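Take a look at the structure set out below.
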2 protein chains.
Amino acid sequence: MSRKSSFNQEIIIKEDKSGPVDTKTPGRKRCPVAHQNILQATSKLLNEIGFSNLTIEGVAAHAGVGKTTIYRHWPNKASLVMDAFLAETAPQFPYPDTGSVIRDIREQMKLVIKVLNSPNGKTVATLIGASQTDKELAEAFRTRFLAVRRTESKAILKKGIERNEIPSNIDADVLLDTLYAPLYFRLLIKHAPLTEIFVDQLVNLITTGLNRTNLST
Amino acid sequence: MSRKSSFNQEIIIKEDKSGPVDTKTPGRKRCPVAHQNILQATSKLLNEIGFSNLTIEGVAAHAGVGKTTIYRHWPNKASLVMDAFLAETAPQFPYPDTGSVIRDIREQMKLVIKVLNSPNGKTVATLIGASQTDKELAEAFRTRFLAVRRTESKAILKKGIERNEIPSNIDADVLLDTLYAPLYFRLLIKHAPLTEIFVDQLVNLITTGLNRTNLST
DNA sequence: TCAAATCGATACGTAGCGTATCATAATAAA
DNA sequence: TTTATTATGATACGCTACGTATCGATTTGA
């Protein structure tokens, strides 16, 4: 049936410190080289054959480790892929500082679509896809990917409010959903392309509003 | 590896006419009762155990047919589920006629979230999820679900343009993505609830625009 | 020195896939 | 009516990958 192992048990505790760990327990330490090799093999295979064709046994073979070792470090395929994905993708969405918050957002959204149009975007899509049948992966995606980005985004919105570029009574989550959900929707459904023009249209519509669109063009 | 069977081969040809088929070929006809039983068992199991736990063999057992028969009618699990899903969900998104197109859209969006918050919504989510690793299912979802709804939506937008409620130079796909993508995004990510208030906030933001939001409240 | 935890390797049972085969039943054309 | 053709349910099959268990060997702290 479904996997029951937890994401936040031995994993987080022992894995978060990937440097020298000061545990008091006896016994042989986990080999950080094996750990890294597994993550790198996972990233490589993800880009080459995609999430669905990736198997734990394949990762083990490419990383030169026993598959037992992988199961000691990660409870399942989804959590392994999540770690590999975050290590490679997390630092790719910085907001610029152009002087205008709306412009900052617009430019950052163009960075986002660059990533979403790359092999990493395919991984994002498959992770969201697999989240639909894997509650722990879904939780990991929300807290370790989305929430991190939301925190950054809300800081930008706060700056915009302080500068009177954005009304102070706005619901940040509603605004951010309106801005970013269309990007992910096109990533997932593929009914239309993710272009910079699309970002411009989106930001123009949301800032100007439907009622005034014909006045402003 | 992946399944190669086509959605549009013997399937569409023989299945679209679920009534009495006027084929010139000899031999025994497909049993329409078995076909219907399979679809109904699939719908039932979908709501009970979800897409990921649903197996072809389970459907066969519940429908009282051999699994061979299922494989003769559908190339894989995804296409079977798609058919069962469409049969039950397709007619659930009508636009009302309130006199105001914006209000029509707002009310229809509230119907949409009703469905998305029901077990059918879970099925939508898992279908989009499975689409990430199944190209044929993705294509079926686009053409048989999304495109049908887009056609209806564009007719409403056209009415709005004729009534001068909506500017004529608007890009319909951009506007529809901005309106509906946030609903599906919340369905898929579950970072925030899908409420009627959310629909109101969304429509208000998009019609009024960020720049004027503080003027209008 | 000894207990504990790791490592890679290997074997195992399980689930569900999609296919093949079978005798039987239904149907259209000859 | 006969014959060719196709569908049906049942069953068996090979396959892949899962996740677990076990093994001797190795590393480490107490």
Side-chain angles (χ1 to χ4, degrees), chain A residues 1-6 10-11 13-15 20-38 41 45 49-81 130 133-134 136, chain B residues 1-6 10-11 13-15 17-18 20-38 41 45 49-81 130 133-134 136:
Chain A
M1 287 294 140
S2 64
R3 295 104 199 215
K4 7 179 179 93
S5 348
S6 150
E10 59 174 350
I11 306 308
I13 292 168
K14 302 201 176 172
E15 177 203 306
V21 190
D22 281 12
T23 42
K24 306 292 179 186
T25 58
R28 180 176 177 173
K29 297 299 173 220
R30 287 192 172 176
C31 176
V33 178
H35 194 88
Q36 277 307 308
N37 284 349
I38 293 167
L45 283 172
I49 62 176
F51 179 88
S52 62
N53 292 326
L54 181 142
T55 67
I56 298 282
E57 290 174 345
V59 172
H62 277 74
V65 304
K67 80 168 172 169
T68 326
T69 302
I70 297 182
Y71 280 109
R72 279 197 205 92
H73 290 235
W74 291 271
N76 53 46
K77 172 174 153 182
S79 61
L80 167 63
V81 170
T133 54
D134 185 329
E136 294 176 7
Chain B
M1 288 294 138
S2 64
R3 296 107 201 208
K4 13 186 173 86
S5 348
S6 152
E10 61 174 348
I11 306 308
I13 292 169
K14 303 201 176 172
E15 176 203 307
K17 304 209 162 200
S18 48
V21 189
D22 280 14
T23 41
K24 305 294 178 184
T25 58
R28 181 175 176 174
K29 297 300 175 218
R30 287 194 170 174
C31 176
V33 177
H35 194 89
Q36 279 306 310
N37 284 349
I38 293 167
L45 283 173
I49 63 175
F51 178 88
S52 63
N53 292 328
L54 181 143
T55 66
I56 297 283
E57 291 172 347
V59 172
H62 277 75
V65 303
K67 80 169 173 169
T68 326
T69 302
I70 297 182
Y71 280 111
R72 280 196 205 94
H73 289 233
W74 290 273
N76 51 47
K77 173 175 153 180
S79 61
L80 166 63
V81 169
T133 54
D134 185 329
E136 293 175 9

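Because the structure is predicted, anything quoted here is derived from the model rather than measured.
When rounded to the nearest whole Å, the span between OH of A/Tyr71 and C1' of C/dA11 equals 15 Å. Note: NZ (B/Lys29) to C1' (C/dT24) measures 18 Å, nearest angstrom. The NE2-C1' distance, from A/His35 to C/dC7, rounds to 15 Å in whole Å. Between A/Lys77 atom NZ and D/dT16 atom P there is a gap of 16 Å when expressed in whole angstrom units. The separation between B/Ile56 atom CD1 and C/dT19 atom P is 11 Å, rounded to whole Å. Between A/Ile70 atom CD1 and D/dT20 atom P the separation is 14 Å, expressed in whole Å.
In this structure, A/Thr133 OG1 and B/Leu54 CG are separated by 12.5 Å, a value rounded to the nearest 0.5 Å. Put simply, CH2 on A/Trp74 and CD1 on A/Ile56 are 9.0 Å apart, with the number rounded to the nearest 0.5 Å.
For A/Ala130, the side-chain contact (heavy atoms from CB on, under 4.5 Å) partners at least two apart in sequence or on another chain are A/Phe51, A/Leu137.
The shortest distance between side-chain heavy atoms of B/Glu136 and B/Asp134 falls below 4.5 Å. By the 4.5 Å heavy-atom criterion applied to side chains, A/His35 and A/His73 are counted as neighbours.
Counting only heavy atoms from C-beta on, A/Asn76 has its side chain closest to D/dG19 among C/dA25, D/dA25, D/dG19.
Between B/Gly58 and B/Gly27, the residue anchored nearer the 5' end of DNA chain C, judged by the nucleotide with its closest heavy atom, is B/Gly58. Of the residues near DNA chain C, B/Leu54 and B/Arg28, the one whose nearest nucleotide (by heavy atom distance) lies more toward the 5' end is B/Leu54.
In this structure, A/Arg30 reaches the C/dT6 phosphate: one of its side-chain N or O atoms is under 4.0 Å from OP1 or OP2. When the side-chain nitrogen and oxygen atoms of A/His73 are compared with OP1 and OP2 of C/dT6, none of them lie within a distance under 4.0 Å.
What you find for B/Val65 and B/Ala34 is that their closest heavy atoms are CG1-CB, 4.1 Å.
Pairs engaging residues 54-68 of chain A under the side-chain hydrogen bond (donor to acceptor under 3.5 Å, both in side chains) rule: A/Glu57-A/Lys67 [sequence neighbours left out].
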List, with names and distances, any nitrogen or oxygen atoms from the protein found under 3.5 Å away from nitrogen or oxygen atoms belonging to nucleotides 9-13 of chain D.
residue : atom : partner : partner atom : Å
D/dG9   : OP2  : B/Thr69 : OG1          : 2.3
D/dG9   : O6   : B/Arg72 : NH2          : 3.4
D/dA10  : N6   : B/Thr68 : OG1          : 2.9

